[in-house]
Amino acid sequence: MQLYNTLTHKKETFTPLTEGKVNMYVCGITAYDLCHIGHARSAVVFDVLVRYLRSTGLDVLFARNFTDVDDKIIKRANEEGLSSKEIAEKYIQTFYEDMDLLNVLRADIEPKCTEHIDDMIAMCEDLIEKGKAYSTKSGDVYFRVREFEDYGKLSGRDVDDMRSGARIAPGDEKEDPLDFALWKGAKPGEPSWESPWGAGRPGWHIECSAMSHRHMPLPLDIHGGGLDLIFPHHENEIAQSEASTGQDMARFWVHNGFVQIDSEKMSKSLGNFKTIRDILESYLPEVLRFFLLTKHYRSPIDFSFIAMDEAEKSIKRIYETKLAVSNELTKSKWSKAALPEDVVNEYDEQSAAFDSAMADDMNTAGATGHIFSIVRLMNRIIEDKSMRKSEGGKILFERFIADFTKWSSILGLFGLNAEGFLQELKIKRAVRKNISIEAIEDLMVQRLEARKNKDFEAADTIREKLTELGVDVRDTPAGPVWDVI
């Protein structure tokens with residue numbers, strides 16, 4: 001597999017340090033609020049990376065942490081009259097609920113900051129002993145940025161440029177304005193733990209260094225997170241981890257791109273902030289997951305309801321084809337004919353191209369494009385009477401249905417029962433357009449009764465009413481069916 005490494009700014013062949021085994025750590029959420037679509041993208045991206053690596057036969061040990069003590073958590077706790085622990089537990093639970101809906105697998109290891117305070121204190125002590133960090137009279141501990149020669153190697157920032165114009169605020173006990181906090185002395189009303197420097201709590205950056213090192217040997221094969229974490233979080237992780245251990249922290253640094261809302265950065269101040277739950281009020285979870293995989297993970301993705309509608313149409317077509325092929329396979333009689341060689345070759349080419357796209361820096365956009373090529377091929381076969389009834393067609397139909405297992409295991413998509421999914425999708429679209437399901441069903445019964453009585457004029461009138469509601473009616477051998485236009 002070729003995987004883009006932020007550290008080297010290029011795609012490299014990914015080979016685990018230990019043959020057959022991958023240690024992968026991804027920064028998780030700070031548990032103080034509902035997850036937004038940016039969280040969803042990061043979770044889905046790294047979920048697919050884990051799934052894909054496992055599909056190649058690799059044994060992946062995947063860790064994703066929870067930050068459960070932080071300024072934002074403390075602020076929310078004060079606002080809601082709860083403890084920081086209660087706030088963190090509340091939003092960790094909502095994270096699980098959202099991720100389960102998006103078919104994101106649980107990580108193998110899910111460390112919490114508050115469960116690893118001793119590890120963080122030990123790392124701070126080690127860095128002080130090595131002269132890479134220092135404590136202050138106030139009980140803070142800071143990392144000496146200038147004592148780490150490689151600072152900036154991930155983000156490409158120059159220490160001298162960063163220092164230009166930087167100032168130490170009055171009362172600040174830093175030696176250098178670039179130094180960052182490893183440990184913060186306790187403030188009134190905040191959660192704290194005893195340490196050699198007095199009561200306090202860890203800084204944000206030390207958390208992931210201590211937790212990853214506790215559960216996995218360094219260097220990690222892969223360390224991941226959102227693009228916004230490159231600086232300062234991941235840069236600081238590298239500095240403190242490598243200064244402490246003398247080893248590289250990670251061999252590959254992998255970052256997913258931002259989510260924009262209608263071409264603007266998502267922010268609460270702009271009023272375009274979209275939580276996962278906001279979106280799932282109008283769309284099925286699998287539609288959101290599919291949408292998030294329609295762009296390469298390193299590229300920005302622009303969320304809009306128009307884009308979600310397009311994603312919905314696309315996934316609907318895939319499930320409709322899955323259902324149509326499944327129905328074809330219920331037949332008991334097949335002609336002895338083979339499929340034309342070019343048809344079989346096209347399937348082989350597109351199937352191989354799917355594999356190639358995933359091996360090329362996890363190009364899910366390209367991979368789903370090849371699935372659509374296969375879907376178009378299946379529909380060509382279904383529309384051709386001789387191919388549809390041939391044993392060659394049956395073989396390719398069976399292969400198509402089997403491939404859904406492969407696609408689902410890698411992408412976390414297309415694994416649902418087709419008929420059930422399409423029914424749920426139809427209802428979701430009707431509700432989104434304020435179309436009453438009860439009114440539709442009532443009109444459908446009236447139309448069926450009119451047709452039975454051969455009152456075709458009344459049946460046509462009812463059909464027109466359904467069309468005005470935004471509903472299309474199709475008469476099939478199994479009876480009339482409806483869908484939202």
Side-chain angles (χ1 to χ4, degrees), residues 35 37 40-41 43-52 54-55 95-106 276-295 305 307-330 350-351 354 358 362 364-365 367-379 382 396-433 437 474 476 478 481-484:
C35 289
I37 189 172
R41 188 182 199 195
V44 168
V45 162
F46 289 104
D47 181 59
V48 173
L49 182 54
V50 169
R51 288 169 177 267
Y52 176 70
R54 286 175 177 163
S55 78
F95 169 86
Y96 281 135
E97 291 167 1
D98 290 347
M99 295 305 121
D100 287 349
L101 287 171
L102 292 176
N103 198 22
V104 172
L105 303 174
R106 300 288 173 99
I276 294 170
R277 296 186 178 201
D278 290 336
I279 297 164
L280 297 189
E281 286 180 5
S282 301
Y283 297 90
L284 293 181
E286 188 158 352
V287 174
L288 176 55
R289 184 180 176 105
F290 177 79
F291 163 75
L292 292 169
L293 295 176
T294 56
K295 291 284 187 183
F305 291 113
M308 285 294 291
D309 288 344
E310 289 302 314
E312 188 176 70
K313 290 175 187 175
S314 296
I315 201 168
K316 179 173 181 279
R317 187 178 181 202
I318 290 173
Y319 271 104
E320 284 174 339
T321 305
K322 182 182 183 182
L323 180 60
V325 169
S326 297
N327 289 338
E328 288 296 326
L329 285 169
T330 61
Q350 294 301 328
S351 180
F354 172 91
M358 290 303 300
M362 203 172 69
T364 56
T368 53
H370 296 302
I371 290 174
F372 274 107
S373 294
I374 292 173
V375 164
R376 284 192 290 272
L377 182 63
M378 289 297 103
N379 284 309
I382 290 172
L396 212 56
F397 287 157
E398 289 172 338
R399 184 176 169 187
F400 178 69
I401 295 301
D403 276 341
F404 271 93
T405 301
K406 170 184 172 180
W407 298 333
S408 178
S409 68
I410 294 174
L411 299 176
L413 294 168
F414 317 133
L416 302 175
N417 172 272
E419 192 169 7
F421 175 83
L422 291 169
Q423 179 66 16
E424 279 190 64
L425 186 63
K426 180 170 68 175
I427 292 170
K428 192 67 138 177
R429 293 170 71 216
V431 171
R432 190 167 74 234
K433 294 189 175 186
I437 304 295
R474 185 164 51 91
T476 73
V481 294
W482 66 271
D483 200 355
V484 179

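Under a 4.0 Å N-O distance rule, the pair Glu286/Arg289 does not qualify as a salt bridge. Between Arg51 and Asp47 there is a salt bridge, with a side-chain nitrogen of the basic residue lying less than 4.0 Å from a carboxylate oxygen of the acidic one. A salt bridge links Arg277 and Asp98; the closest N-O separation between the charged side-chain nitrogens and carboxylate oxygens is under 4.0 Å.
Distance check: Ser408 OG to Asp403 CG gives 12.0 Å after rounding to the nearest 0.5 Å. The line from OG1 of Thr368 to CE of Met358 is 9.5 Å long, rounded to the nearest 0.5 Å. A distance of 9.0 Å separates CD1 of Ile401 from CG of Leu323, quoted to the nearest 0.5 Å. Rounding to the nearest 0.5 angstrom, the gap separating the CZ atom in Phe397 from the OG atom in Ser326 is 10.5 Å. Atom CG of Asn379 is separated from atom CD of Glu320 by 9.0 Å, given to the nearest 0.5 angstrom. The CD1 atom of Ile410 lies 12.0 Å from the CG atom of Leu293; values are rounded to the nearest 0.5 Å.
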Ile37 and Leu292: CA distance, side-chain angles, deciding distance, side chain to side chain contact (heavy atoms under 4.5 Å, CB included) verdict: CA-CA 9 Å; Ile37 189 172; Leu292 292 169; 4.2 Å; yes

Criterion side chain to side chain contact (heavy atoms under 4.5 Å, CB included) on Arg106 and Tyr96, from CA distance to verdict: CA-CA 8 Å; Arg106 300 288 173 99; Tyr96 281 135; 3.4 Å; yes

Asp309/Tyr283 under side chain to side chain contact (heavy atoms under 4.5 Å, CB included): CA gap, chis, key distance, verdict: CA-CA 9 Å; Asp309 288 344; Tyr283 297 90; 2.7 Å; yes

Stepwise side chain to side chain contact (heavy atoms under 4.5 Å, CB included) test for Gln350 and Ile371: CA-CA 7 Å; Gln350 294 301 328; Ile371 290 174; over 6 Å; no

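Evaluation of the salt bridge (Lys or Arg N to Asp or Glu O under 4.0 Å) rule for Glu312 yields Arg429, Arg432 as partners, not counting sequence neighbours.
Looking at Phe421 and Ile315, their side chains come closer than 4.5 Å, going by heavy atoms from C-beta outward. A heavy-atom distance below 4.5 Å is not found between the side chains of Leu377 and Phe400. In this structure, Val325 and Glu398 have side chains that are not in contact, with every pair of non-hydrogen atoms separated by 4.5 Å or more. For the pair Phe414 and Lys322, the minimum side-chain heavy-atom distance is 4.5 Å or more. Phe290 has its side chain out of reach of Leu411: every pair of non-hydrogen atoms, C-beta onward, lies at least 4.5 Å apart. Put simply, the side chain of Val45 reaches to within 4.5 Å of the side chain of Met362, judged on heavy atoms. Proximity of Leu413 to Ile318: side-chain heavy atoms (C-beta onward) are nowhere separated by under 4.5 Å. Side-chain contact between Leu425 and Val287 is present, with at least one heavy-atom pair separated by less than 4.5 Å.
Closest approach of Phe354 and His370 over heavy atoms only: N-CD2, 3.8 Å. The heavy-atom pair separating Thr364 from Lys295 by the smallest distance is OG1-O, 3.7 Å. Taking all atoms of both residues into account, the shortest heavy-atom contact from Pro285 to Leu102 is O-CD2, 3.6 Å. The heavy-atom pair separating Ser351 from Ile374 by the smallest distance is N-CD1, 4.0 Å. When every heavy atom of Arg54 is checked against every heavy atom of Leu105, the shortest pair comes out as NH1-CD1, 4.3 Å. Nearest heavy-atom pair across Cys35 and Phe95 is SG-CD1, 3.5 Å.
Judged by distance alone, with hydrogens and angles left aside, the side-chain atoms of Ser282 form no donor-acceptor pair with the main-chain N or O of Ile279 at under 3.5 Å.
Between Asp483 and the options Lys316, Lys426, Arg474, a side-chain hydrogen bond (donor to acceptor under 3.5 Å, both in side chains) holds for only Lys316.
Looking only at atom types and distance, the side chain of Arg376 has a donor-acceptor partner in the side chain of Ser373 under 3.5 Å away.
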